[in-house]
Amino acid sequence: MTQELRTEDRLRAAAVEFVVITGLSGAGRSEAAKVLEDLGYFVIDNLPPSLIGRVAELAMVGRDRTRVALVLDARGGAFTADESELSAALDQLRARDINLREVLIRRFEATRRRHPVAGERVAESIALERDLLRELRADADLVVDTSDLNVHELRAKILAAFAGEADGMLVTVASFGFKYGLPLDADMVLDVRFLPNPYWVPELRPLPGTDPAVRGYVLAQDATGLFLARLEALLETALPGYVQEGKHYLTVAIGCTGGKHRSVVLAEELAGWLTDKGYRAHVAHRDVERE
């Protein structure tokens, strides 16, 4: 009888999905929560860590699939109180076989409101909050850098990550320009600045990497074909390992000088290859519109 109850508890836990959204103040946690709410998640904002276990117990009562999203930030004392309390609460969810995903939203926008982590200067407050988030950053399943995203782009990223989550790991392939800085949410960064640059071809300079003429120029280079072949061989080994380790999201960032030509072409090609291999692939071109 005890074994039957334990089996039933495991089945109930498997039907519960918990998403924990954390991140820096002003980074877009609330907007991410709204997207999950639209996808059918029951969203709880500013929940104290001590109540996470109780919410999990209530979620396991029903027999239908339950999807819960928790928004944790400094207001609820999640980062300023005993950090072990939050870690212990999340460990309890994992111990119950509940499907737990942690999403970290990065950025701080300057506002007129007082920063929720006490400090005389905003810069000091941000530094303190980053330090408090360091452990959560290491455990996060998905990191979203919103520094260069507007509200609509953030919605698109969250939708891409969660709308088809039952279909397996999502691989985001992002192009970017090194001159504008590295993407902070990348798991893997690739540099394609060794390829001939279409920027120096006058008729190709104003065109983006999505244009057939630019695509043809980049793919016609011998080094491009060799690079793609080696990259695909690497991913054929790495991706199954990530899936086996339980990773739900992977961001591969491909960079060139300005993020307009070479990286865009390679990102599109890689995303197409991933789709053919049966992975969910999402393409994002961070700097393609910049001059």
Side-chain angles (χ1 to χ4, degrees), residues 5-37 39-108 115-119 125-144 146 158 161-162 165-166 185 245-249:
L5 289 175
R6 289 177 179 173
T7 301
E8 184 177 356
D9 286 343
R10 284 198 297 270
L11 291 174
R12 288 179 178 176
V16 177
E17 295 184 22
F18 259 75
V19 175
V20 175
I21 303 173
T22 60
L24 295 176
S25 302
R29 291 186 308 260
S30 297
E31 191 60 37
K34 290 177 184 177
V35 177
L36 292 178
E37 190 170 31
L39 291 174
Y41 282 81
F42 181 73
V43 177
I44 304 176
D45 192 5
N46 195 22
L47 183 74
S50 59
L51 296 180
I52 292 177
R54 181 55 179 161
V55 171
E57 293 174 1
L58 293 174
M60 291 174 60
V61 171
R63 295 185 176 273
D64 297 329
R65 184 184 183 192
T66 303
R67 309 171 90 184
V68 180
L70 307 179
V71 183
L72 303 179
D73 63 22
R75 292 172 299 159
F79 309 145
T80 55
D82 184 2
E83 292 182 56
S84 62
E85 183 179 22
L86 176 57
S87 298
L90 297 181
D91 287 342
Q92 287 177 8
L93 297 185
R94 298 186 186 97
R96 294 179 179 181
D97 293 328
I98 289 175
N99 184 12
L100 173 64
R101 313 232 179 135
E102 294 181 58
V103 180
L104 178 67
I105 312 293
R106 297 177 59 116
R107 185 179 65 173
F108 179 80
H115 193 283
V117 177
S125 299
I126 296 172
L128 175 59
E129 195 174 18
R130 285 187 186 278
D131 185 61
L132 293 171
L133 281 168
R134 186 170 290 113
E135 184 176 344
L136 291 173
R137 167 65 178 87
D139 293 334
D141 298 289
L142 174 65
V143 178
V144 180
T146 60
I158 298 297
F162 285 93
E165 58 187 2
D185 53 356
E245 289 298 314
K247 191 170 181 63
H248 299 286
Y249 314 100

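Nothing fancy with the numbering, it's 1 onward along the sequence. FYI, side chains are in, hydrogens and waters are out, and symmetry mates aren't considered; it's all heavy atoms of this structure.
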>> If I compare all heavy atoms of P49 with all of A89, which pair ends up nearest, and what's the gap?
In response: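 Looking at all heavy atoms of both residues, the shortest contact is O-CB, 3.7 Å.
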>> For a quick test of reading the model, state the closest non-hydrogen atom pair linking Y41 to V19 and the distance between them.
In response: CE2-CG2, 3.6 Å
> Considering residues at least two apart in sequence or located in another chain, which fulfil the side chain to side chain contact (heavy atoms under 4.5 Å, CB included) criterion with Q92?
Replying inline: none
>> Under the rule for side chain to side chain contact (heavy atoms under 4.5 Å, CB included), what residues qualify as partners of A33, not counting sequence neighbours?
In response: I21, V43, V71
>> Nearest 0.5 angstrom please: L100 CG to F18 CZ, how far?
In response: 8.5 Å
> Looking at CZ of F42 and CD of E37, how far apart are the two atoms once the value is rounded to the nearest 0.5 Å?
Replying inline: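 Reported value, rounded in 0.5 Å steps: 9.0 Å.
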>> If the threshold is 4.0 Å, N to carboxylate O, is there a salt bridge linking R54 and E57?
In response: yes
